[in-house]
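Some notes on the structure that comes next.
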Amino acid sequence: DDPPQSGARVEGDGPTRAGDSTPLVSSMQTVGGGMVAFEFSSEGVIGDDMVLDDDRWRWRHTVSYWVCVCYILGSMLFVAGSAFWYKHYVHESRQRALVVYPFLLGSILFTVGGYLGMFQAINLGRRGASKLWEWSPEKDGFLGYWFYFVGALVFNVSCIEPLELFADWPDWLKREMAWGAAEVGSLCFIAGAFVEVRTTNSLNVFEAVESGRWRKLPFWLSWNNLFGGCLFFTAAMAGRWDPTSPGWVYTTYLIGSVNFFIASSIMLWLWKEEQYGLGFIPSINRIVPLRPASEGKGYRQVSLWHFAFIQVYITLTGASFIDFCFATQRFSVYEQYHGFAHFHEAVASLMGVFLAVGLLFMGSVLHTTPRIHPFDKLLYWVQVYVAVKLIQILISIEEYYTVALSSDEKEAAGLPVAGGCTYPNSTLA
């Protein structure tokens, strides 16, 4: 009953390609802890793109993981930027730090996620070295990720418009940069999500309800992405006429960002289930266990604890970045900490980003808790540290938001600003 060992020959070895002595299906191998990953063509036919080797499995595992991480972190920053948008800022530099920079980094992450998705589609079933770019509309998932990539690339233009670099540009050009680019980028998001809805066979909602497909995660993944794209387009259209509308612009962007966050979290769950094609490439989601699940080995069972802590690592990355944005600002209420202490705070926040990204790299390797002592206990130690660090950073951000920004308002109104307030981070208290 044990799975064949890697490299063991089995009956039914596949044919060899002309001029290539390596069989297309050379052996039945254990992949990812007792799994076999089959790649089929979009028509469901076994072809040259069948993959059964551990190295290729690890490659799928890594690329799709970073697609998920980029989209989750990007959507988190969109949510944060939209939430900070509601507040009136006395100084434009504050709005750039808390709204513009999170939106810009979020858009860049969406761009990277779209490219990694294309990269995965381009190299689907490819032998030899991977290609960085190739126009491959016939490959599963390529067009959908291409729309997402182009949409994010154009959306970057909208995000850089508020930067001081473009302050002296003509108003009409800045308006097109801010809202025209957002409209085009959002239309591309809608097009990509439409491709995803069709790929997951979720376009006919009534049929999906009747067949029970609406209970499957890919259904909600694709429709959340479509709703997010539509809401972003609505907000961009409204921004042409009233850029500061709390309802049509701020709230619509916020809800759309939440839709993107839900969709990308579903992607991460699929990744934890070893469905590395996610929503766009179902042809590599067909993973067949070598033993029946009744034998007690839980194939593709997702641990809520591990899933939650990957989300915590991603949240720590986003929160550390926002904390860094706050730390780069000089507030009158903390004037006694300007100088080296202010520099120290900025570096400490940046190191929080560095730490969190390192943990995300660790998350790409550890699917489950290590079985060898004491490595399992070390992982728990890291998780406790991350949880406490995240709470500390969130408290720091909350104090910045309530105390430091209110000092700007008092200063603008000519009221006295207390200078003896405790600095947000306990390291400087």
Legend entry - Partners passing side-chain contact (heavy atoms from CB on, under 4.5 Å) against Thr251 (at least two apart in sequence or in another chain):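 Per chain and number, Thr251 pairs via side-chain contact (heavy atoms from CB on, under 4.5 Å) with Tyr86, Ile255.
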
Inset, instruction - Not counting sequence neighbours, which residues clear side-chain contact (heavy atoms from CB on, under 4.5 Å) with Phe227? List them please. - result: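 If we apply the side-chain contact (heavy atoms from CB on, under 4.5 Å) test to Phe227, skipping adjacent residues, the hits are Trp223, Asn259.
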
Would you tabulate the side-chain donor-acceptor contacts of residues 162-169 under 3.5 Å, counting partners in other chains and residues two or more places apart, or write 'none'?
none

Inset, instruction - Could you note down all residue pairs passing salt bridge (Lys or Arg N to Asp or Glu O under 4.0 Å) where residues 175-194 supplies at least one of them, sequence neighbours left out? - result: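 Non-adjacent pairs meeting salt bridge (Lys or Arg N to Asp or Glu O under 4.0 Å): Glu176-Arg240, Glu183-Arg240.
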
Side-chain donor-acceptor pairs under 3.5 Å in residues 353-363, sequence neighbours left out?
none

Inset, instruction - With sequence neighbours left out, write down each residue that passes salt bridge (charged side-chain N to carboxylate O under 4.0 Å, His left out) with Glu207, or none if nothing qualifies. - result: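 Once residues adjacent in sequence are excluded, the partners of Glu207 under the salt bridge (charged side-chain N to carboxylate O under 4.0 Å, His left out) criterion are Arg213.
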
Inset, instruction - Tell me whether the centres of the aromatic rings in Phe280 and Tyr145 are closer together than 6.0 Å. - result: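 Under 6.0 Å, so yes.
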
Inset, instruction - Could you tell me whether Trp135 and Phe142 have their ring centroids closer than 6.0 angstrom? - result: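 Distance test on ring centres: under 6.0 Å, yes.
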
Legend entry - Heavy-atom side-chain proximity of Phe261 to Gln311 below 4.5 angstrom: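 SC-SC contact between Phe261 and Gln311 confirmed.
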
Inset, instruction - May I ask you to test the Phe103-Cys159 pair for a side-chain heavy-atom distance under 4.5 Å? - result: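 Of all side-chain heavy-atom pairs linking Cys159 with Phe103, at least one is under 4.5 Å.
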
Inset, instruction - Tell me, yes or no, whether the heavy-atom count around Lys216 atom NZ, taken from other residues, nucleotides or ligands under 6.0 Å, exceeds 12. - result: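 No - once you tally the heavy atoms of other residues, nucleotides and ligands closer than 6.0 Å, there are 12 at most.
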
Legend entry - Chi angles and distances behind the ring pair (Phe, Tyr, Trp, His ring centres under 6.0 Å) call for Trp381, Tyr385: CA-CA 6 Å; Trp381 183 280; Tyr385 172 80; 9.1 Å; no

